[in-house]
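Structure record follows, encoded as structure tokens.
Order of the sequence lines sets the chain letters (A, B, ...), proteins ahead of strands, with each chain counted from 1. Computed from a predicted model, the values in this text were never measured in an experiment.
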Amino acid sequence: MPELPEVETYRRIFERHALGKTVAGVSVRDAGVLDGVTPRALAAAVRGRRVREVTRHGKIVFADLSPGPALVLRFGMTGDLVPFEDGAVPRFARVLFRFAEGGGLAFTDMRKFGSIGLAPSSQAYLGERGVGPDALRAGAQAFVARAAARRAPIKAVLLDQALLAGVGNLYADEALFQAGVHPSTSAARLGPAGLRRLHAAVRRVLARAVANEAVWERLPSSWLLPVRESGPCPHCGGRLRRLRIGGRTSVFCPERQRRGR
DNA sequence: AGGTATGTTAATTG
DNA sequence: GCAATTAACATACC
């Protein structure tokens with residue numbers, strides 16, 4: 001379940017179980033999730049190294065092994081990090097990390113859209129891939145300027161990781177809902193003021209979700225997220241509508257989020 | 001049985 | 001050449 005708030009909880013899990021520890025071994029159970037490394041090369045690069053720092057940028061977790069490369073963890077649609085003790089390997093485990101001090105972490109991923117790779121550093125990786133600023137740290141200015149130049153539906157623009165890294169389909173819908181913006185509105189049409197308000201909503205939504213460790217049951221009942229599948233609009237009680245935008249499903253309240261084209 | 005799914009990205013179209 | 005859109009990836013579940 002990985003968007004920025006979920007991935008931040010993964011970062012904390014990795015930190016709790018690996019920070020300061022030495023990697024004793026890496027076991028690749030499905031090489032299909034490796035990105036640009038062979039199982040052998042991954043093990044060679046990581047084994048014997050200490051985890052110095054665990055960071056997150058958007059939906060990506062980096063484990064800094066310096067001196068040495070950074071481990072790059074991406075979770076796709078169904079990735080997760082699950083602590084395990086030997087013997088009890090979690091379901092859908094694709095890669096296992098074991099630590100010299102004891103314990104292990106499993107990278108699980110049912111659909112295998114996630115990946116594990118290596119990079120000289122997190123900065124190098126982000127630069128090469130063109131990942132934009134982290135959605136929780138970025139100021140509004142750059143986002144407003146770049147989004148204003150786009151005519152695509154604002155929903156699609158919010159999902160563009162080059163503009164703002166970390167926003168995914170569900171939290172994008174939540175931010176649009178709270179800002180009262182129709183998902184198919186052209187980004188440019190919102191104007192600087194509208195984009196600024198939307199950016200504030202994105203940050204507020206993500207920060208609140210992180211504070212609640214991305215547990216939906218703890219989110220405010222005024223939010224769209226908990227009732228996204230089933231319920232009526234928590235504000236007006238009306239029926240929620242869904243649209244296909246940029247290949248993803250958008251859920252919104254037609255009453256609260258008026259069409260703006 | 002068929003449609004859908006929290007993400008990326010190559011390929012295609014405009 | 002760039003912005004926008006769509007298909008494809010692999011797998012489980014309702």
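- Nucleic acid contact class of A:T249 (heavy atoms, under 4.0 Å, all strands): sugar-phosphate only.
- A sub-4.0 Å separation between OP1 or OP2 of B:dG7 and a side-chain N or O of A:K59 is present.
- Following rounding to the nearest Å, A:M77 (CE) and B:dG7 (P) show an atom-to-atom distance of 6 Å.
- Residues that satisfy the ring pair (Phe, Tyr, Trp, His ring centres under 6.0 Å) test with A:F75, not counting sequence neighbours, are A:Y10, A:F107.
- Within 4.0 Å (heavy atoms only), A:R74 reaches sugar-phosphate atoms of the nucleic acid but no base atom.
- In this structure, A:R242 does not reach the B:dT4 phosphate: none of its side-chain N or O atoms is under 4.0 Å from OP1 or OP2.
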Under a 4.0 Å heavy-atom criterion, the protein footprint on nucleotides 8-13 of chain C, written with B, S and -, is -BBBSS
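- When each of A:Q178, A:R242, A:R228, A:R248 is paired with A:D173, the side chain to side chain donor-acceptor pair (under 3.5 Å) condition holds for A:R228 and for no other.
- Atom C1' of B:dT6 sits at a distance of 23 Å from the matching atom of C:dA4, rounded to the whole Å.
- Across all strands shown, A:G247 has no heavy atoms under 4.0 Å from either base or sugar-phosphate atoms.
- Remark: A:E6 does not engage A:K59 in a salt bridge, criterion side-chain N to carboxylate O under 4.0 Å.
- A sub-4.0 Å separation between OP1 or OP2 of B:dA5 and a side-chain N or O of A:R244 is present.
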